[in-house]
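The structure appears right after this line, and notes come after that.
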Amino acid sequence: MHSMKPFVNPKFVKPLVFMACLLPLVFGIQAGFTDQLGANPIEEITHRTGDWTLRLLLITLAATPLRRLFGWGWPLRVRRMLGLFTFFYACLHLLTYLVLDQFFDWEDILKDIIKRPYITIGFGAFVLLVPLAVTSTNAMMRRLGKRWGQLHQLIYVIAVFGILHYLWLVKADYLLPLIHAAILLTLLLVRAWYQRQSLSAGRPAPQTS
Amino acid sequence: MLIKRPDDIKTSDITDEKIYHQRRAFLQTGSRAALAVVAGAAFPGLMFPGDAAAQMAALKFKKNSGFSTDEEVNSLKDITRYNNFYEFGTDKEDPAKYAHTLKTDPWNVRVEGEVEKPADYQLEDLIKESQLEERIYRMRCVEAWSMVIPWVGIPLSTLIKRFKPGSKARYVEFTTLHDPAQMPGQKRGVLDWPYVEGLRMDEAMHPLTLLAVGLYGKVLPNQNGAPIRLVVPWKYGFKNIKSIVKIRFTETMPNTTWNLSGPREYGFYANVNPEVDHPRWSQGRERRIGEFFKRKTKMFNGYEEQVASLYSGMDLRRNY
């Protein structure tokens, strides 16, 4: 692995990433106060929170591939924070739907979750995120041991669900969901490739060669 | 031509925008207060009076209150910045940003098919003999939002009578301009360009069916389908084809763009119907732009009394 000189002092990485992750929220609130959310603000808030959930999810999943490809260690150090911010925006997205869009109309909400595949799968993705957020602490990591890693494999399922949620809700223009899907596929391929490499490297050497 | 400012315009003929804005301000205060309570935060940007698009030339028209709703009208700002007009991009705000490239003068409309007088008409020749009317209609989008819009136009039936369609003319097909240089959204194959829509003859002849050339008493802004567009208020918004260059009378049902794109989701009739859901979302309720709470969607968008007889005996679940 080649390593590069860090761009910033490592001790600033966490606070910087933390603030960066809050920017979409800050800009969103600012937009709300300055009439930048358009004619249908509830729809706009739904889209923004959904967009940032997916983006942060993909960024979280990029940590390992970035280390593999470029030897960067810092993304792994902020990976937990990125994952929790993914969960944070997912909560805002769900709350926007429950409160602003449906205003607690539980009957309609339940019907949506059962009957509308894009909502079913989006809600499923959220439900699966909850145990990952709950078990993100050091104490939980220690307690779960090997099973922690297995549990957190769920993130791949969640990512696929999230992108299907996006793909199934658009009317005709599939460009953006497909770009997200392509990024996810690339990240998964990089992982798979390195996993295969390390598997074959770890195997005992063939007896004749 | 009508696009030019007429000299003999009487101030009494022009819709008073001030009144729209006063009513708007009233609504604004109420909705904002409701939202502030509900959401726990005030979004002053949620609603505002329409900013007068000063460059829009005024039109001379009479009011046709018999066909108009007295519901609160949406602001000019909202009507002109929240548009589905994929010819200029698939984002709602794309048309307002990019539609300036559309050249609407001169504009020709070709009339052809099963008709006595097929011809190319200049837009002004199509309109000049007709009295323009203001019609305040509800507009319900298939995406479950709605607006109230003060259109200015002429009943489609007036023109159709002038074209003298033959006995074989059972449908009317409309086509939007196809010119990616003027309509940059057409550079991507999001839909099968050009956009095509259609009506059954009796729907086209219905007194509610309008060809609009104006909005808020002024010439139609490009993003709203200038210079001439269809308005069929009891159908979902996508039936209201914009920037029309061709009107064709046919014996067979036209293939319409959204129907080709998603046959299970967008039918030829596309009548507003809260009982028949879009396969991916409910059509039972809608959000009126500018309001917080959703309202119940009405059968035929509230025009049931006027249009239900057109569809008597038809299975509306099958003919969606």
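Letters A, B, ... are given to chains in the order of the sequence lines, protein chains preceding strands, and every chain is numbered from 1.
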Verdict with supporting geometry, Ile42(A) and Lys294(B), side-chain contact (heavy atoms from CB on, under 4.5 Å) | CA-CA 11 Å; Ile42(A) 296 174; Lys294(B) 287 187 179 178; over 6 Å; no
Taking all non-hydrogen atoms of both residues into account, name the closest pair between Trp145(B) and Asn40(A) and its distance.
->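 Smallest interatomic distance, heavy atoms only, reads CB-ND2, 4.3 Å.
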Do other residues, nucleotides or ligands put more than 12 heavy atoms under 6.0 Å from [X] [atom1]?
X         : atom1 : value
Asn319(B) : CG    : yes
Lys97(B)  : NZ    : yes
Arg143(A) : CZ    : no

Could you tell me which of Ser282(B), Gly262(B), Ser261(B) has the largest number of non-hydrogen atom pairs under 4.5 Å with chain A?
->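 It is Ser282(B).
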Within residues 105-122 of chain A, which positions have a heavy-atom distance to chain B below 4.5 Å?
->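 Counting heavy atoms that sit under 4.5 Å from chain B, the residues of residues 105-122 of chain A involved are Asp105(A), Asp108(A), Lys115(A), Arg116(A), Tyr118(A).
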Tabulate, in ascending numerical order, the residues of residues 167-181 of chain A having at least one heavy atom closer than 4.5 Å to a heavy atom of chain B, or enter 'none'.
->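 Checking residues 167-181 of chain A against chain B gives Trp168(A), Leu169(A), Val170(A), Lys171(A), Ala172(A), Asp173(A), Leu175(A).
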Region of Glu143(B) that comes under 4.5 Å of a non-hydrogen atom in chain A =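 When you check distances to chain A, only side chain atoms of Glu143(B) fall under 4.5 Å.
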Turns out that what part of Asn84(B) lies under 4.5 Å from chain A's heavy atoms comes down to side chain
For the residue pair Ile289(B) and Glu43(A), establish whether any side-chain heavy-atom pair is separated by less than 4.5 Å.
->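 Sidechains of Glu43(A) and Ile289(B): no contact.
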Looking only at atom types and distance, does a side-chain atom of Arg287(B) sit under 3.5 Å from a main-chain N or O of Asp101(A), one as donor and one as acceptor?
-> yes
When you look at Tyr82(B) and Glu44(A), which way does the side-chain contact (heavy atoms from CB on, under 4.5 Å) test go after all the steps?
-> CA-CA 11 Å; Tyr82(B) 191 73; Glu44(A) 179 67 18; over 6 Å; no
Could you go step by step and tell me if Gln102(A) and Arg285(B) meet the side-chain contact (heavy atoms from CB on, under 4.5 Å) rule?
-> CA-CA 10 Å; Gln102(A) 298 287 350; Arg285(B) 295 190 299 154; 2.7 Å; yes
